[in-house]
Amino acid sequence: MKLSFSVVAIASSAVSSTTPGGGGPGGPGKCSDNFVEVTATLALSFCDEHTVRVVKTPSSDKSAAVLLKNRESLMVDPEWLTKSLTPTSSGKAVYITPKLTVKVDLSTETLSFFDTATNTLIKSENGHSFTPSTDEADPTAPNFIAEQTWVQSEGEAIYGGGEFQNGYLNYAKATVQLLQFNTEAIIPFFASSLGYGLLWDNNGWGTLNPPIDPPILINVDEDMKTTVKWSTGDAGDYNFWADMCSDKGDGGLEAVGFGCGQPMNLKINLVDSDGNVLNCQDWDADGSANLPNTMSCPLRNLPANTEYDLHFETSEAGSKLYVNSPSYGDIALNARFSDGIDYYFCKEHYASQDELTSAAIKFREMKIPVDNFVQDWQYWGDLGWGPQWDTNFYQDPAKMVTDLHDMNMQLMVSVWSKFDNNTKFYEAMTKPENDKFMIADSIYYDAWNPDARELFYSFSKESMFDIGVDALWLDATEPEAFPNENKMTYLGSGNSLWNTYSLKTTQAITDGLRRDFSDSMGRRPFSLTRSAFAGQQRSGASLWSGDISGKWKTLGSQISASINYALSGMPHWSEDIGGFVRPDDQYDSDDYNNLLTRWFQFGVFTPLFRVHGGGTDTELWNFPKSMENIVSSAINLRYRLMPYIYSGFYKVEKEQWTMQRGLVMDFAGDKNVHNIVDQFMFGESFMVAPVVKNADSRIVYLPSVEGGWINFYTGEKVDKFGEAVVSAPLNEIPLFVKGGSILVMAPEGMQFVDEIDIDPIEVRVYGGANGKFVLFEDDGLSSELENSSKIVFEWNDEKNLLTVREREGDGWEGMLSKRKLQVVLVRGKVGVGVGGGDVDVEVDYVGDEIVVDLSGY
């Protein structure tokens with residue numbers, strides 16, 4: 001999906017006005033210096049030919065131009081902001097770049113954005129507003145609820161915003177609260193099916209499409225179950241939104257976090273006159289964990305003027321239910337605590353060193369592939385919460401790390417941003433000279449303070465990185481329980497900075513690693529974290545979706561959550577395969593073992609492939625009913641696909657791409673894909689359709705493509721596009737390969753990624769269209785990817801010729817100079833499934849161009 005422009009909203013302190021013009025058009029320096037002051041309250045800057053930054057302020061007392069010039073974005077790459085582009089003008093209110101034309105209605109300060117080449121309207125604003133509000137952290141500072149609206153185009157779908165547990169993708173006309181939570185992460189970037197993007201550069205709490213009508217009901221019954229008569233108006237999609245903390249301040253800050261009690265349940269459904277139930281949302285309190293305090297859901301294609309019984313059930317008295325009808329007109333974003341608009345393998349836990357290393361040894365003995373082990377919390381024992389090893393249980397952590405490395409495993413350790421007040425960490429953070437190193441009245445450090453971030457990093461350097469620990473698992477970085485609420489921090493109001501804690505905490509670790517371990521962990525820094533924010537990808541941090549439940553419904557919601565996260569421009573995501581909160585009978589239950597198998601199969605096609613569970617033994621030998629299927633259908637497949645996956649992530653690095661791709665990214669012209677929540681592309685070739693019910697088949701939608709689709713397991717070619725029922729035995733995930741694809745696979749039997757040289761290489765060719773694949777390989781270590789090679793494979797479908805181009809790049813010390821290519825043209829049952837062995841032509845490749853003729857097959 002091509003993004004034509006980005007729009008950026010602000011939550012910062014007031015700034016004084018200055019002489020109009022500032023740096024002015026044509027001035028040297030960074031993007032924010034090269035601005036256009038349209039009016040005293042509206043300013044623009046162009047950072048490249050298809051991206052415009054728009055800044056608005058509530059009054060001329062606060063110059064938009066000065067705000068644009070002086071505000072430092074936490075989201076946007078500062079290196080990118082050093083670019084500048086001077087637009088040409090056609091009249092005072094028209095600004096033109098080679099790609100983008102911006103026209104301003106000076107009477108209302110609303111903007112319209114056009115494609116310069118075709119003069120086609122991309123998007124237009126419909127208005128903005130500033131409503132005075134009070135920030136309890138800084139009550140005397142001027143603050144507003146800033147809201148910007150854009151005209152909604154007919155049939156337009158809106159994606160992104162981060163990761164949510166509501167189970168759907170298209171947020172056009174849907175209300176979504178932008179507030180960090182254990183299982184939800186906020187990335188305020190939104191992508192349209194029309195091919196443009198909006199970056200809402202606001203750090204605080206906000207809302208996409210806030211309700212414009214009063215709630216349709218308020219849950220006041222003692223048992224918190226309400227049923228009322230409700231009728232549609234116009235035919236179309238209705239989006240419901242439940243606010244389950246509204247009795248505690250009408251959605252105010254005092255309502256969020258854990259203030260509503262846990263667990264909670266939520267049910268929203270309609271029953272028609274024939275007794276048919278239309279389920280909108282069903283979050284069961286029994287065994288489901290961490291329900292967010294607000295939740296949306298759609299009911300699509302409802303008929304006009306039809307009466308239903310509307311059932312609303314929650315665990316919180318005073319919960320409110322809103323509905324946005326098909327007539328909800330615009331795309332709207334608001335931001336609280338603002339003074340302007342500016343738009344552009346693990347388990348819980350290993351209890352000792354012996355337990356962890358024994359499990360690692362058993363993985364190798366049983367030949368279950370694994371590369372990473374994780375030590376979750378409580379390794380500090382009786383020493384207090386913080387990154388320190390209790391030697392009563394971990395007698396020699398440095399040796400433990402070495403033992404794992406000797407087995408070709410890496411170690412990641414859980415580190416939190418809080419410290420018990422009896423620890424040396426808390427004492428260091430609260431020294432008199434360390435002013436504002438801790439958030440007031442809390443045990444969390446102030447991540448917005450650069451000196452506090454440096455001290456936070458130093459704790460893990462001493463206890464983790466200096467003994468060879470490879471990465472950190474940064475837990476609870478929302479931060480948990482929101483200690484910043486109504487508090488002042490080093491950078492200002494903790495309310496206005498609400499969603500950015502994880503961004504700064506991951507930065508703390510990455511900055512330190514790049515400086516102190518530039519020849520080891522700092523070359524490619526990585527961390528896993530429970531929260532995220534726009535810009536966090538720069539620190540090499542991956543989100544995981546928090547403490548989710550081990551249920552079929554939860555598996556389904558992880559699929560939509562991961563797709564929307566990628567559509568938010570964030571390429572790295574993971575989950576607790578199997579769920580963190582699991583049923584008591586997990587080891588013996590047929591239903592749960594089937595769920596676990598299906599969850600692993602989905603996990604193969606996510607950026608990070610990891611299992612985790614709370615209070616459980618997640619090692620696969622504890623699940624004899626499902627272990628064989630999991631290893632054969634998921635883990636072995638993941639390792640065989642490593643060349644394909646690694647090459648894809650090279651593209652992520654160099655082309656700002658994503659491996660996990662919502663269907664709208666590749667088939668935007670097909671409106672049938674706009675609301676598909678349980679299918680996605682993985683890279684350029686795979687159509688993935690996870691099974692989210694205890695079933696042996698499912699409906700799969702196959703968009704029209706030139707070469708058709710080929711079933712990965714059977715080799716059957718599908719030329720009929722649209723919906724089809726596809727068989728899905730328990731050891732197979734519905735998986736289709738696009739015709740014209742070239743699939744490069746690693747040898748069978750790998751136990752870790754560097755165990756063997758990728759030789760021989762199996763090359764599967766899927767006919768039906770011309771194709772190309774770039775195999776990227778490197779030493780796995782270099783930060784700038786300089787020690788690498790690329791091999792281009794090209795398929796000519798008419799001539800049945802596979803050309804392997806001359807190797808590009810200098811390679812690296814120890815790189816194979818000669819390897820075998822085992823080429824197979826997929827057909828019938830030849831070249832199918834996880835296993836290998838079918839070879840049509842075997843050739844030696846020494847780096848020179850070769851041509852393989854498959855015309856006889």
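We number each residue from 1, following the sequence as shown. Excluded from the calculations below are hydrogen atoms, water molecules and symmetry mates; all remaining heavy atoms, backbone and side chain alike, are included.
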What's the separation between atom [atom1] in [X] and atom [atom2] in [Y], rounded to the nearest 0.5 Å?
X	Y	atom1	atom2	result
L637	S632	CG	OG	10.0 Å
N372	L608	CG	CG	8.5 Å
R807	I791	CZ	CD1	5.0 Å
D696	E732	CG	CD	11.0 Å
N711	L735	CG	CG	8.0 Å
R698	S727	CZ	OG	13.0 Å

(message) Taking E762 first and then R640, would you say they form a salt bridge - that is, a charged N and a carboxylate O separated by under 4.0 Å?
(response)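 Looking at E762 and R640, the cut-off is met.
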(request) Could you tell me whether D840 and R827 have a side-chain N and a carboxylate O separated by less than 4.0 Å? (result)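 Looking at R827 together with D840, the answer is yes, because their closest N to O distance falls below 4.0 Å.
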Do you know the tightest heavy-atom contact between [X] and [Y]?
X	Y	result
N564	G160	OD1-N, 2.7 Å
W709	M681	CH2-SD, 3.9 Å
A728	V691	CB-CG2, 3.8 Å
G683	R661	O-CD, 3.8 Å
M750	P369	O-CG, 3.3 Å
L528	S574	CD1-OG, 3.8 Å

(message) Could you walk me through whether V744 and Y644 satisfy the side chain to side chain contact (heavy atoms under 4.5 Å, CB included) test, starting with their C-alpha distance in whole Å, then the side-chain angles of each, then the deciding distance to 0.1 Å, before giving a yes or no?
(response) CA-CA 6 Å; V744 176; Y644 176 84; over 6 Å; no
Is it true that the side chains of [X] and [Y] contain a donor and an acceptor less than 3.5 Å apart?
X	Y	value
Q165	T183	no
N800	S855	no
Q660	W573	no
E575	S545	no
S782	N787	yes
Q822	E842	yes
D576	W544	yes
T51	D48	yes
D115	Y196	no
S647	K790	no
N170	N675	yes
N694	N594	yes
Y650	D778	no

Check whether any side-chain N or O of [X] sits under 3.5 Å from a backbone N or O of [Y] as a donor-acceptor pair, and report yes or no.
X	Y	answer
S568	M570	no
N796	L801	no
D797	G768	yes
R819	L816	no
Y766	G771	no
S633	N629	yes
T803	R805	no
Q601	L730	yes
Q537	G535	yes
Y713	F736	no

[X] vs [Y] side-chain heavy atoms within contact, under 4.5 Å:
X	Y	result
R538	D77	yes
S789	E808	no
H572	F649	yes
F164	Y171	yes
K829	D838	no
W795	L854	yes
V843	K820	no
N166	C297	no

Other residues, nucleotides and ligands only: do more than 12 of their heavy atoms fall within 6.0 Å of [atom1] on [X]?
X	atom1	value
K651	NZ	yes
D844	CG	yes
E748	CD	yes

(request) Step by step, work out the side chain to side chain contact (heavy atoms under 4.5 Å, CB included) result for F526 and S542. (result) CA-CA 8 Å; F526 172 80; S542 172; 3.8 Å; yes
(message) Tell me whether the rings of F680 and F602 are parallel (<30°), tilted (30 to 60°) or perpendicular (>60°).
(response)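 The arrangement is perpendicular - the two ring planes meet at more than 60°.
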(message) As a quick check of understanding, evaluate side-chain hydrogen bond (donor to acceptor under 3.5 Å, both in side chains) for S296 and Y168, giving each step before the final call.
(response) CA-CA 9 Å; S296 54; Y168 68 115; 3.3 Å; yes
(request) Applying side chain to side chain contact (heavy atoms under 4.5 Å, CB included), run through Y845 and V763 and close with a yes or a no. (result) CA-CA 12 Å; Y845 180 74; V763 182; over 6 Å; no
(request) Going by the side chain to side chain contact (heavy atoms under 4.5 Å, CB included) test, name the single residue among L641, V604, T606, I645 that passes it with F682. (result)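 Single pass found, and it is I645.
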(request) Sort out for me which residue in L169, I676, D678 forms a side chain to side chain contact (heavy atoms under 4.5 Å, CB included) with I563. (result)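 Passing option: L169.
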(request) Apply the test side chain to side chain contact (heavy atoms under 4.5 Å, CB included) to residues M627 and I368: give CA-CA distance (whole Å), side-chain angles for both, the deciding distance (0.1 Å), then the verdict. (result) CA-CA 10 Å; M627 184 175 74; I368 301 174; 4.1 Å; yes
(request) Would you check, one step at a time, whether the test side-chain hydrogen bond (donor to acceptor under 3.5 Å, both in side chains) holds for S193 with K671? (result) CA-CA 9 Å; S193 59; K671 291 188 177 182; over 6 Å; no
